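Just so it is clear, the structure is predicted and the values come from calculations on it, not from any experiment. In listed order, ligands and their atoms are each counted from 1. Sequential numbering from 1 along the given sequence is applied to the chain's residues.
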Amino acid sequence: MALIVQKFGGTSVADARKILAAAGRAVATKRAGNQVVVVVSARGLKTDELIELAAEVTDNPPPREMDMLLSTGEQESVALLAMAIQKLGEPAISLTGYQIGIVTDSTFTKARIQSISTERMRKALDEGKIVIAAGFQGIDRDFNITTLGRGGSDTTATALAAVLQADECEIYTDVEGVFTTDPRKVKSARKIDRISYDDILELASLGAGVMHSRSIEFAKKYRVPLRVRPSYSDGVGTLIAPESEEHTTVITGVALVRDAARVSLQNIPDRPGTMSLIFSKMAARKIPIDMVVQDVATAGLADVSFTVPQEDLAETLTAAQAAIDELGAGTVQHGTNVSKVSVVGGGMRTHTGVAGQMFQSLADAGVSIGMITTSEIKISVLVDRNQADAAVLAVHDGFKLNEAGSKKPSVGFTPRTQGNGSKSGRSRDEIERDVVARLQAMEDIVVSEVQLDPDQARVTIRNLPDVPGVAAHVFTAVAEGQIMVDMIVQDVGQGGLANLSFTVPRSDLDQCLLLLREVTEPWAGAELSFEKQIAKLSVMGIGLRSHTGVGEKMFRALADAGVNVQLINTSEIRMSAIVAPSDGQRAYDSLIRMFRA
Ligand code: ADP
Ligand code: ASP
Ligand code: MG
């Protein structure tokens, strides 16, 4: 007998008719011979309404009380759904986070799951009941109610699917599946039939609201087969699964974070420990910093820029000023009304030209690029907010994401377990104990790998005209030379000029410089420089951004080893830094100690 987890989002249980429809689906799945666990969100806009209500009562609602309030939305839904299922003639039991035994830490409003006990759910399932679990909520060790952050019911669903070793986790929502970009914003968005965990993780973390990004961390870690499906039809939706050989699109999708703010610390000392200090100030305030960009220093002074959610700006500026005061030099500068546009695709690992094409599409649409960061599988740019929609559309259609057609995935699933045993030969109980134990460690083991790449070289072009089209020119030329570009970094321009740095394989450096000399010729003031020997360090893992502490630890490790950082860029799943080659091994050892400790 297979076990299926089904999650229904807010719009899918908004009224009595929809609740009965969701109940019908769960009942049909049970009657087809499966065990069923249903995870439900609060109805419709309930969570938003509760947040507004609290705001009418106080400007500053205490987070503990906020969680007490918000958790009621899901409690209402589970009860109604259990009634609906019983009306349709199947036994069902509704359970709150507490009753299921979802234990979290005490970070109210964005708590992390630490453990889940499966006993009560198993017992109910074995009695033939459909289990209806409240999404988004848990309880801390002191029995306070906690919530997992907006959109957190997805995370409840995948976490339950992981501990219960479900055969499939179905996410029912109000669109046909995962699209190449938000289908409500871009008409030409196209549904994706199958997407890898890495691609959806980047897309979700970079702003695609369709799935809570932490839910994908669970799914990836525990290999939960996920399917995002429409609740209003029988559409097959999108399968989220490990990368497959057949599905080799270069670019998977485009995501947007509309409300970002940029903070820059300029003319700060270029010495070991500077970044560590700045990151520790941010981490102490739990500010999720994103899109970190540090270019090579000039005359012993460095600049670093990063983005934060607009609502964290004031606090970030206070923290930044505190860092400057302690460093004894530098100024803080910021920009509001900016948005982050990202393209994501596993195929970037092996294809040249993605950056050039993205920048060209933006230039054609007259969009100026504020900052650039890249990782192996994504490129993010910062643009003015009033150009954000135009930028998404330009990039989406520029990559012809509206056109590509790939094969339809098969519908349904293959049961992974039989009876009480499993294919791995271990008993269900053994597997469950193992998953629960690993779940407890989830909080700590975000970093999965530290890498030292000694084979790259750095290229920097200073004093480029800060106008649309320049970056496109540069990267198109490099791509035409078949050179794989890695780690692109561009900070905000100053005085109409911008600096751009990136790394290329050392063996391609000479050819790259030749090409660049040619492209930069028309730009009178542009200065090309390079460094043949550099060491690139990367810390990889999942949810790096939601763990502000990872950046802090990384830069602390480098500072402890007395290593100066020349260039930085980050993504959701990787943080990279360029250091002098003579520092490479020492930096690597220090990072290993820090993250294995
Ligand atoms: P639910 O209430 O079911 O959890 P959400 O509102 O959280 O639903 O997520 C679904 C919404 O996500 C869609 O209505 C869509 O507007 C938005 N969305 C953003 N980016 C994407 C994307 N790339 N693919 C599909 N939907 C997206
Ligand atoms: N009800 C919560 C929210 O609106 C959780 C969820 O829907 O996933 O954010
Ligand atoms: Mg959601």
Query - Atom indices of ligand 2, in the order listed, that fall short of 4.0 Å to a heavy atom of Gly151 - result: 3 (C), 5 (C), 6 (C), 8 (O), 9 (O)
Query - Qualifying residues under side-chain hydrogen bond (donor to acceptor under 3.5 Å, both in side chains), relative to Ser41, sequence neighbours excluded - result: Ser153
**Report entry** Options Gly9, Ala157, Gly209, ranked by nearest heavy atom to atom 5 (P) of ligand 1, top entry
**Finding:** Gly209
Query - Passing candidate, side-chain contact (heavy atoms from CB on, under 4.5 Å) with Leu3, options Val37, Leu160, Asn34, Val36 - result: Val37
Query raised in the report: Short list, please: which atoms of ligand 2 are under 4.0 Å from a heavy atom of Ser41?
Result: 6 (C), 7 (O), 8 (O)
Query - ligand 1 contacted by Gly177 (non-hydrogen, < 4.0 Å) - result: yes
**Report entry** Salt-bridge criterion met for Glu90 and Lys30 (N-O under 4.0 Å)
**Finding:** yes
Query raised in the report: Would you call Lys378 and Asp198 a salt bridge, using N to O less than 4.0 angstrom?
Result: no
Query - Inter-residue atom distance Leu70.CG - Leu148.CG, 0.5 Å rounding - result: 11.5 Å
Query raised in the report: Does any N or O atom in Lys7 lie less than 3.5 angstrom from one in ligand 1, N or O only?
Result: yes
Query raised in the report: Heavy-atom distance from atom 14 (O) of ligand 1 to the protein below 4.0 Å?
Result: yes
Query raised in the report: Can you say whether the rings of Tyr98 and Phe143 are parallel (under 30°), tilted (30 to 60°) or perpendicular (over 60°)?
Result: perpendicular
Query raised in the report: Does any N or O in the side chain of Gln86 come within less than 3.5 Å of the main-chain N or O of Met83, such that one atom is a donor and the other an acceptor?
Result: no
**Report entry** Exam field: side chain Arg385 to backbone Ala260, donor-acceptor pair closer than 3.5 Å
**Finding:** yes
Query raised in the report: Do any nitrogen or oxygen atoms of Val178 come within less than 3.5 Å of a nitrogen or oxygen of ligand 1?
Result: no
Report task. Could you tell me whether Thr47 and ligand 2 have an N or O pair separated by under 3.5 Å? Result -> yes
Report task. Assess Pro183 for proximity to ligand 1: is some non-hydrogen atom of it under 4.0 Å away? Result -> yes
Report summary line: A student checking ligand 2 against Arg150 at a 4.0 Å heavy-atom cut-off should list atoms 3 (C), 4 (O), 9 (O)
Query - atom 2 (O) of ligand 1: the protein heavy-atom neighbour that sits closest, reported with distance to 0.1 Å - result: Gly10 N, 3.2 Å
Requested in this report: Identify, for atom 23 (N) of ligand 1, the protein heavy atom at the shortest distance, and state residue, atom and that distance.
Outcome: Phe179 O, 3.0 Å
Requested in this report: Show your working on side-chain contact (heavy atoms from CB on, under 4.5 Å) between Ile145 and Gln75 and close with a plain yes or no.
Outcome: CA-CA 12 Å; Ile145 292 177; Gln75 188 167 338; over 6 Å; no
Query - Polar proximity ligand 1 side, Asp174 side, N/O cut 3.5 Å exclusive - result: yes
**Report entry** Which segment of His212 sits under 4.0 Å of ligand 2 when only heavy atoms are counted
**Finding:** neither
Report summary line: of all protein heavy atoms, closest to atom 27 (C) of ligand 1 is Val210 CB, 3.6 Å
Report task. Inspect the contact between Arg184 and Asp174 and indicate whether a charged nitrogen and a carboxylate oxygen are less than 4.0 angstrom apart. Result -> yes
Report task. Give a yes or no on whether the backbone of Thr307 and the side-chain of Asp290 come within a donor-acceptor separation of less than 3.5 Å. Result -> no
Query raised in the report: What part of Val175 sits under 4.0 Å from ligand 1 if we count only heavy atoms: the side chain, the backbone, both or neither?
Result: side chain
Requested in this report: Mark up the atoms of ligand 1 that fall under 4.0 Å of a heavy atom belonging to Arg184, in ascending order.
Outcome: 13 (C), 14 (O), 16 (O)
Report summary line: Min over Thr173, Leu45, Leu203 of heavy-atom distance to atom 8 (O) of ligand 1 lands on Thr173
Requested in this report: Taking only Lys NZ, Arg NE, NH1 and NH2, and the carboxylate oxygens of Asp or Glu, determine whether Glu176 and Lys191 approach each other closer than 4.0 Å.
Outcome: no
**Report entry** Glu74: numbered ligand 2 atoms lying under 4.0 Å from its heavy atoms
**Finding:** 1 (N), 2 (C), 5 (C)
Report task. Tell me which part of Ile171 gets within contact of ligand 1: side chain, backbone, both or neither, using heavy atoms under 4.0 Å. Result -> neither
Report task. Examine ligand 2 and decide if any of its atoms is less than 4.0 Å from a heavy atom belonging to Gly135. Result -> no
Query raised in the report: Under 3.5 Å, is there a donor-acceptor pair linking the side chains of Asp199 and Thr252?
Result: yes
Query - Closest protein heavy atom (residue, atom, distance) for atom 21 (C) of ligand 1 - result: Asp182 CA, 3.7 Å
